[in-house]
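Model, not experiment: these values are computed from the prediction.
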Amino acid sequence: MSAQLDSSEAVEVFVLERCYVVPSSDGDDAALVIKFESRDRDLYLRAPSPSDCTSWISALRQANSERLRNRIRQLRRLVMEITGNAETGSPEREGAGAGAVLVPKLPKVEFSLACRELCTPAPERHLNVVVHISVVNTQELSLAAYSCTEVVEGTRDPLFLTGVTFPPEYPLSEDTRVKLTVYDVKDKSPETRGFLGYSTFSVGDLLKSKEQQLTLSLRTSDGADSAGVVVVSRLSMGEMEDGGVDHVAADARGQTCTLVCESLHGTANDKDSSPLVNAVFKNPVCKVYRFQTVDCKWMLVREQMAECTLSFNIPKQLLTLYIQEDMRRIQELKDLGELSPHWDHLRKEVIAHYSQVICGYQETLTELNKLTGSSFKPSCSKSEKYLEFIPINLHTQRMQVTCPKKTDACYDVVTVGAPAAHFQGFKSGGLQRLLSRFEAEKKNFSTAYQCIYYSPEHTAKAREVLSSVAQLQPLICIQADQLLRAAQLRSPDLLKGALKSLADKTEQFVHALKDELVKSALLALHTARPGYVTEGSPAVGNNTPKSAARPGEDGPAPLTRQDSIPHHAEYDEEEWDRVWANVAKSLNCIIAMVDRLQEHDDNNQEPPADHTLADVITSSDHTLADVITSHSPGDWQEQIYPLVVTLKDCVTEVVDRATKSMTFVLLQEAACSIPQGLFLKQRRDVVFSQGLAALACGFVMRLYAGVEDKAFLQQLHLVGLVAQFESLLSTYSEEIGMLEDMEVGISDLQRVSFKITEAKSDDPADLQPIVSGRREYYTVEVPLPGEVFGALPEELKEGKPLQVYPVLFNVGINQQQTLAERFGDISSQERINQKNFEILEAYYKSLSDKLPLQYLPCFQTQTDLKELLETLGQNIMTKKRKNVEILWLAGTICRRLNGIRFTSCKSAKDRTSMSVTLEQCALLRDEHELNKDYFVRALDCMRSGLPQGGSGQWSDPETGCGAENKPPSRHFYPVSLLLVSSHLLVVWLILSLVFLLAKYQ
């Protein structure tokens, strides 16, 4: 071949199909080898030079027919993405285009494996068999590890429970070839496994097989066909009717049973790949199993774990809101006006600290916006400063179960690392301990800074007032304008509706300000003005706002709206009552005027209803009749307009006074808590961000699963949902600090409500949840496509706030918990469980009062919910070590209540995976009649390290490729070991000390 031929005729023709082109391994740089998968003889070629050899290899690889077909498929997908036309991939259009091959989209491919008559290396040897599945990569001419089965011990005819599934997005075609390699595992380590044989098949062969089954001979390394047989059975889940099922005879350790796979298509299987789900949940990893039931039938179990875009999306939105809120706070402090030198100095100091926090948050947000790729934070990054707002290992896990003669079932759980400030550390404890200590010390700070001490209830009320007036003032103005438009149209119905909305919002506004804190804070602000002089020294450091020094009792100077807070004049304490009451009086004038106009227009109009604001209006010297007597019916808008202007002016004046007074309260609270108070606020922001991301993920997952369930939707808007957080943290060492952070973070989630909205389009960006609000109260809007949104109940379409009731139950299960129970303190765990049990019990009472319990999902275990709650309460009161029954009962109650399940430990890895897999197998046993002989095997299958796809991220999303990383070890510690672990620790320390002394002597 090295001599150049003058003739243009072909010397020989080779079909480059199912072959690999590689450089020669004999040391000749100018030679290459073509290896055929059919095991035909290798073809050796030699080029004139090494550079020519390199170009030949490249050209031959490009000429491979499979590579050309893959290139066509890539171009077809690119055209579909650009044009948005999905019809190009339909079977009907195949071959319609000139010069192009349109490949139809394959159905979901899933199959199970079994081996028969495997050859043993020695007659007395019992095989421990595992099958590794690889996919032939025709583009790179290599094999890619995809998945593996579990190890079946002691048999030549193993039946594997772990199957193989290719997700819809996997680049699969009929020409894709799959390689099955069978090994004998001696001690479950890769170095000691023995090769038994291999076989290959194409996906098209399996799909076209009439029996939906392939029986393949295993070939050894020398090409002999005597290693045994591997059976590939497609899990083709056709609709299950009487006799209309797929039967695959299989021998499982001497037991012959029938494989029955009911359809998942058209149910949850389609929902998992819908655009709605794909907008929020990314990078799914799937595993499929078949387990035997008690009646010797087979159930199909599919696990799917996915990342969630909300891991980063929600924290980034929260950081933006934090920055905006703190910037507003700075502006409110500046708007306080002129203060005495002492207070002005404190204000500048607080503004400087706020500016420092804002700068840090902006830097963090900038770094987060640079990140692309994965949608979760691995535990190895939990100490990264710019990732501290991101939850650790946030993933969703869904188990779908298909059983003969039963309805398909789905079980969802969200796994996440404990919401805690890992970057800041836990040397001084967590939020619960730090906040308690800070409140105890704040009274001393208030004396040092000459501030009035405000309790946490007072500061919370101040923030609530600021939030309420900020929300209600624009709403009142909007409703007032709508009233004027209705009056212009002279429409009684529109006028009545607009007036009702205006009255509701104004009533909320007036009642929000009905608090002595506002009145006393106005007095305190007056004393902080320059030039204020009292008859005696002002009292500071007292326990109530009323202890501030009062001015003289001389008559007040007249006030104007331009000088709403007096500076040097004596302060009139009754002025606030009059200003506040003017809002209610103005509204009642409008109500009376509207009633009078409607009565004049129609003498048969019913008498006006009683006014609900009468109880909050102070006594007045003028009656409403005096206000409206001078008006004669004419143009309705003309008559109402002056009253609406007066209402707006009164509201504006009240907002100005209330905002300044509450801002001054918060100024004092911030001044006497620098820097510890702002540090705690930052820590609380971090923990809340992680918790809200997990909660939003769970809510969206639960909503998507139940969007067609009318009973669930009714429960959602009538009562709300319970969100049960299962924690496996110990109450020892730094984990007790994590638990204290988590306790406060989960409790803060009570300030969150959800609202369902209609998405602008089906674009994934328009389906992302949106967070709004401020630290006192947040709303998460969940957009749904128009078609889905239109089928919701009217209460949900109207934007009714949906409440979520978070509860936290903790039971430590590791060795550190053994130390805590023997030598430490577990009172925090007992307090948390008792407190959250009361919340769960209250939710159940509210649910049973508003909704028939028949609306709740049905389970095989018919234990009454009330009885389960009583048992949970008894277990919480019982002093029992590592009482995991608490977690099991809480999880069962949550599922029975249609709730959202979360499981957490330090990093959502070992303990979390053990808990989730144990719960899943228990559900299969209790709800789907899993054969008791298969319980342990099912548990081992679910805890195997290598997932479908070979990414190695099923049990531990942080590890790399399964071929390069050893799966992490996961074990439950035996009870006997846990009981003596503390003594073993002491023995180990003594032996270590003896060894060190002997070494250095």
Side-chain angles (χ1 to χ4, degrees), residues 267-282 284 304 306-311 313-314 317 394-400 409-414 416 691-725 749 752-760 762 764-772 778-806 843 847 851 855-857 894-902:
T267 58
N269 195 37
D270 287 341
K271 294 180 182 179
D272 287 343
S273 57
S274 68
L276 180 64
V277 174
N278 292 336
V280 178
F281 304 108
K282 301 289 185 180
Q304 177 170 301
E307 301 171 10
C308 184
T309 60
L310 305 185
S311 291
N313 193 344
I314 295 294
Q317 292 187 61
L394 176 60
H395 288 85
T396 62
Q397 183 154 325
R398 167 168 292 177
M399 181 177 71
Q400 300 174 2
C410 286
Y411 303 94
D412 295 336
V413 63
V414 177
V416 62
L692 181 58
L695 180 64
C697 172
F699 182 88
V700 169
M701 189 181 191
R702 187 65 189 90
L703 177 63
Y704 287 177
V707 75
E708 298 177 359
D709 186 347
K710 294 182 179 179
F712 166 75
L713 295 177
Q714 187 173 359
Q715 175 188 352
L716 184 60
H717 75 79
L718 284 179
V719 190
L721 295 180
V722 63
Q724 185 246 331
F725 288 81
L749 293 177
V752 178
S753 67
F754 290 81
K755 185 167 66 173
I756 301 176
T757 60
E758 184 175 5
K760 298 177 182 178
D762 291 349
D766 292 330
L767 294 174
Q768 298 296 320
I770 301 173
V771 185
S772 60
Y778 286 102
T779 300
V780 182
E781 296 182 3
V782 182
L784 295 179
E787 183 179 352
V788 179
F789 183 81
L792 295 177
E794 289 299 324
E795 294 85 354
L796 296 179
K797 290 194 287 187
E798 291 172 359
K800 180 179 179 181
L802 308 175
Q803 299 300 319
V804 174
Y805 299 86
Y843 173 83
L847 178 67
L851 195 70
Y855 279 60
L856 297 177
C894 176
R895 293 197 185 279
R896 296 281 294 272
L897 291 175
N898 256 333
I900 312 169
R901 285 270 294 114
F902 300 85

Treating Tyr843 as the side-chain partner and Gly720 as the backbone partner, does any N or O pair qualify as donor plus acceptor under 3.5 Å? yes
Closest approach of Leu721 to Gln715 (non-hydrogen atoms, all atoms of both residues): CD2-NE2, 4.2 Å
With distance as the sole test, does Thr309 use its side chain to make a donor-acceptor pair with the main-chain N or O of Val280 at under 3.5 Å? yes
With distance as the sole test, does Lys797 use its side chain to make a donor-acceptor pair with the main-chain N or O of Phe789 at under 3.5 Å? no
Residues passing the side-chain contact (heavy atoms from CB on, under 4.5 Å) test with Leu718, sequence neighbours excluded, are Gln714, Leu851
To check you understand the geometry: which heavy-atom pair defines the closest contact between Cys697 and Leu394, and what is its length? CB-CD2, 4.2 Å
Checking the side chain of Gln317 only, and the main-chain atoms of Val771 only, is there a donor and an acceptor separated by less than 3.5 Å? yes
Closer than 3.5 angstrom, by distance alone: can the side chain of Lys755 be matched with the main-chain N or O of Val782 as a donor-acceptor pair? no
So OG1 of Thr757 and CD1 of Ile770: to nearest 0.5 Å the spacing works out to 6.5 Å
Between Pro793 and Leu713 the two heavy atoms that sit nearest each other are CD-CD1, 3.7 Å
Spacing of OH belonging to Tyr805 relative to CG belonging to Leu897, to within rounding of 0.5 Å: 12.5 Å
Indicate yes or no: at least one non-hydrogen side-chain atom of Leu310 is less than 4.5 angstrom from one of Leu692. no
List the atom of Phe281, the atom of Ala306, and the distance in Å for their closest heavy-atom pair. CB-CB, 4.2 Å
Locate the shortest heavy-atom distance separating Pro785 from Leu767; write the atom from each residue and the value. CD-CD2, 3.8 Å
Closest non-hydrogen contact found for Leu796 with Leu802 is CD2-CD2, 3.4 Å
Measuring from Phe699:CZ to Phe754:CZ, what's the distance to the nearest 0.5 Å? 5.5 Å
Kindly write out the residues that satisfy side chain to side chain donor-acceptor pair (under 3.5 Å) with Asp412, not counting sequence neighbours, or none if the list is empty. Arg398
